[in-house]
Amino acid sequence: MKSYLVNLFDEAKNKLEYLKEANINFSVPNDTTHGDYATNLAMTLTKVLKRNPREIAQEIIDNLNADPKVIEKIEIAGPGFLNFKFNSEYVTSIISEIKEKGDLFGKSDKYSGKKALVEFVSANPTGPLTVGHGRNAVVGDTLANMLEWIGYDVDREYYFNNAGRQMRVLGDSVKQRYLELLGEKIDFPEDYYQGEYIKDIAQKLIDESGDSLKEEDAEGRFKDIAESEIFADIKNTLAQINIVFDNFYNERDLYDDGKIDWVVNSLKEKDLIYEKDDATWFRLSALGQDQDKVIIKSTGEPTYRLPDIAYHTTKFERGYDMIVDLFGSDHNATYPDVMAGFKALGYDEEKVKVVIHQFVTIMEKGEVVKMSTRKANFITLDELVEEVGADVVRYFFNMRSVSSHLNFDIDLAKKHSEENPVFYLQYAHARISSILKMTQEQDLNACYDNLKLLSSDEEQALIKKLYEFSRSVLYSAENFEIHKIANYLEELAAQFHKFYTHCRIIGSEKELAEARIALCVAVKTVVKNGLAILGVSAPDKM
RNA sequence: GCGCCAGUAGCUCAACUGGAUAGAGCAACGGCCUUCUAAGCCGUAGGUUAGAGGUUCGAGUCCUCUCUGGCGUACCA
């Protein structure tokens, strides 16, 4: 419908000179009595033309060559809106289109041929994923899905660091627990990893190797085994919520292949590096920032900035057209440094899209739960999935704008999980599946020849909702606003439930019944496709 | 102090990117199944969009200031 309007106005540009310069927007009015689409065009032209908006509106109408079979009427309303009411028979044509495209309906080839990298989760292997990581994981995977739907060839990447202080502490934490389980008296430091999972790993070592590891270096065997165990656990958790990475990028590779040295030398050549207090500093003040920052500590170890800059240069060199970095708001001060780094090295920062999601606040028994991996008072993603299920977890994180803080009330999620809106969507899908099965038994099948019979308010409203899907996917993907898909699906499901309450199938005239079945098939397809983007299952039974 | 994000119904959140009477779910109350899924539908009630200015035909949306909350502001990541 919208593209018809766009073409209509393109034609009119030949007659009305001022339309060529105008920015023409169409929107769906909240109030259905205002028609199917509306434009504020005449109002925006008031200033340019210095004329009455309603007068301009009339002139535009006089110059639109609309086919009455497509557009039933055009009205001027309020201060100067142009309202378009489409012919109901024309509106139904989308049902056939959805039938033809099936699982592909809603996809776009706008960005086909382009490669995108989405980096997310990227938690170091020091412990199980928490609920906080869960938001990052789900949002990242859904973003990747959406980019695929608009044509991108997407790689999902997990960046990690298995060296440095954190990992040394991890290795020694396991070793201490190992010795403790063997009966030795130990003094477990407060700043070591306190979680039960450390003891589990130690126990596993005893089961496999007895006490033969007593003399092993904490940074050797203990660290390695801890890393591999924890990574296996992380991958398992991710798999449970349908997330599979294409690539795990180890920070160490950046040292092994000389990337780190190359970055240091290149920055040095540009006089962006200097030594002070035994440390190496990055001259960010020369790049428009307030102060310089350390990139190599006096101990000789780099800060996160250096490897992160090096890592990003590999992203460019691997040929991605768009590079998406997703992280929590606790990192919001770090990316400008990294950005400045690769920009100084001559890479195009426009390709990098930084998406920051706000924190998840965990509420339990009416209180905010403060969490830290180190202190082990966190709630793991695993536990959450076990409690409420993968679909609820995915939907919960997908239904909110990334820039909003998210309150996750554990008790509510556990107790009232059946009241979660995800069930509302899944129910719509299951309901249609059931209807189709039942009607088939009555020898009624979808028929696309008499769609014009779908003329009631409920039917027309539902069909028009179907038009918004493709646009919603495109908008969500281009703007990284994942929650729009969930919002759209809720509206679609509501419209469907409304339709179904008013419009019976069995008992209606055969032509009408079969047209309604065709509509049900179309709705089912769109709900299923939408849930697929969100990574939520579309059950046939509930 | 400074930077980023937010503040909309009792609670959790929407609002088509500046449009027409600000909408859903939960919670409350009242209706609707002898036939296709009632995990549903319909109705009632609930609002000075944190506050004050400004921009314009028009502001929840943009600008300025104030207040409140979250996250940062490291030789942690």
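The chains referred to below are lettered A, B, ... by the order of the sequence lines, with proteins before strands, and numbering in each begins at 1. What you see is a predicted model; the values in this text were computed from it and never measured.
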Using atom [atom1] of [X] as one end and atom [atom2] of [N] as the other, report the distance to the nearest whole Å.
| X | N | atom1 | atom2 | answer |
| --- | --- | --- | --- | --- |
| Ile356(A) | A6(B) | CD1 | P | 11 Å |
| Leu406(A) | C5(B) | CG | P | 18 Å |
| Glu491(A) | C13(B) | CD | C1' | 13 Å |
| Phe359(A) | G69(B) | CZ | P | 18 Å |
| Asn136(A) | C71(B) | CG | P | 17 Å |
| His405(A) | G69(B) | NE2 | P | 13 Å |
| Glu458(A) | C41(B) | CD | C1' | 11 Å |
| Arg51(A) | C57(B) | CZ | C1' | 16 Å |

Minimum-distance nucleotide to [X] side chain [options: [options]]:
| X | options | result |
| --- | --- | --- |
| Ile435(A) | G72(B), C36(B), A20(B) | C36(B) |
| Asp330(A) | C76(B), A39(B), C71(B) | C71(B) |
| Gln358(A) | G70(B), G19(B), A14(B) | G70(B) |
| Ser434(A) | A15(B), G72(B), U37(B) | U37(B) |
| Met43(A) | C5(B), G40(B), C57(B) | C57(B) |
| Arg400(A) | C71(B), C13(B), C41(B) | C13(B) |
| Tyr424(A) | G40(B), C75(B), A14(B) | G40(B) |
| Arg431(A) | A38(B), C75(B), A20(B) | A38(B) |
| Ala38(A) | C4(B), A20(B), U37(B) | A20(B) |
| Thr334(A) | C16(B), A77(B), C41(B) | A77(B) |

So for Arg165(A) and C76(B), does any side-chain atom that can act as donor or acceptor lie under 3.5 Å from a complementary atom in the base?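 Flag unset: no donor-acceptor pair detected.
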Exercise. For the pair Lys315(A) and Glu157(A), find out whether any cationic side-chain nitrogen is under 4.0 Å from an anionic carboxylate oxygen.
Key: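 No.
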*asked:* If the threshold is 4.0 Å, N to carboxylate O, is there a salt bridge linking Lys85(A) and Glu75(A)?
replied: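 Looking at Lys85(A) and Glu75(A), the cut-off is not met.
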Open item on the list: Please classify the glycosidic conformation of C33(B) as syn (within 90° of 0) or anti (everything else).
Closed with: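 Syn, angle within 90° of zero.
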>> What contact category does Asp277(A) fall into here, base, sugar-phosphate, or nothing, at under 4.0 angstrom with non-hydrogen atoms?
In response: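 It contacts base atoms.
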| Ring-on-base stacking A20(B) with His34(A) (under 5.5 Å, under 30°) |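 Ring-base stacking flag set for His34(A) and A20(B).
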Side-chain N or O of [X] less than 4.0 angstrom from OP1 or OP2 on [N]?
| X | N | answer |
| --- | --- | --- |
| Lys484(A) | A15(B) | yes |
| Thr299(A) | C75(B) | no |
| Lys293(A) | C75(B) | no |
| Ser404(A) | A14(B) | yes |
| His483(A) | A15(B) | yes |
| Lys297(A) | C76(B) | yes |

Any side-chain heavy-atom pair of Leu454(A) and Arg516(A) under 4.5 Å: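 A side-chain contact under 4.5 Å exists here.
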Check: Given the C1' atoms of A22(B) and A9(B), what is the spacing between them in whole Å?
Finding: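 It comes out at 11 Å once rounded to the nearest Å.
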Q | Distance, C1' atom - from A39(B) to C76(B), rounded to whole angstrom | A |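 Roughly 47 Å separates the two C1' atoms.
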- Item | Residues that Tyr424(A) engages under ring-ring contact (aromatic ring centres under 6.0 Å, His included), provided they are two or more places apart |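 With sequence neighbours excluded, Tyr424(A) shows a ring-ring contact (aromatic ring centres under 6.0 Å, His included) to His497(A), given in chain and number order.
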Q | By ring-ring contact (aromatic ring centres under 6.0 Å, His included) - contacts of Phe469(A) (at least two apart) | A |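 Per chain and number, Phe469(A) pairs via ring-ring contact (aromatic ring centres under 6.0 Å, His included) with Tyr488(A).
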Exercise. Mind checking who C33(B) pairs with, Watson-Crick or G-U wobble, both distances under 3.5 Å?
Worked result: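 Pairing partner: none.
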Next item on the list: Using the salt bridge (Lys or Arg N to Asp or Glu O under 4.0 Å) rule, take Asp540(A) and Lys437(A) through it: C-alpha gap first, then chi angles, then the decisive distance, then the call.
Entry: CA-CA 10 Å; Asp540(A) 288 318; Lys437(A) 201 177 152 209; over 6 Å; no
Notebook entry, point to check: When you check the side-chain N and O atoms of Tyr18(A) and Glu59(A), is any donor under 3.5 Å from an acceptor?
Noted result: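 Side chains of Tyr18(A) and Glu59(A): pair found under 3.5 Å.
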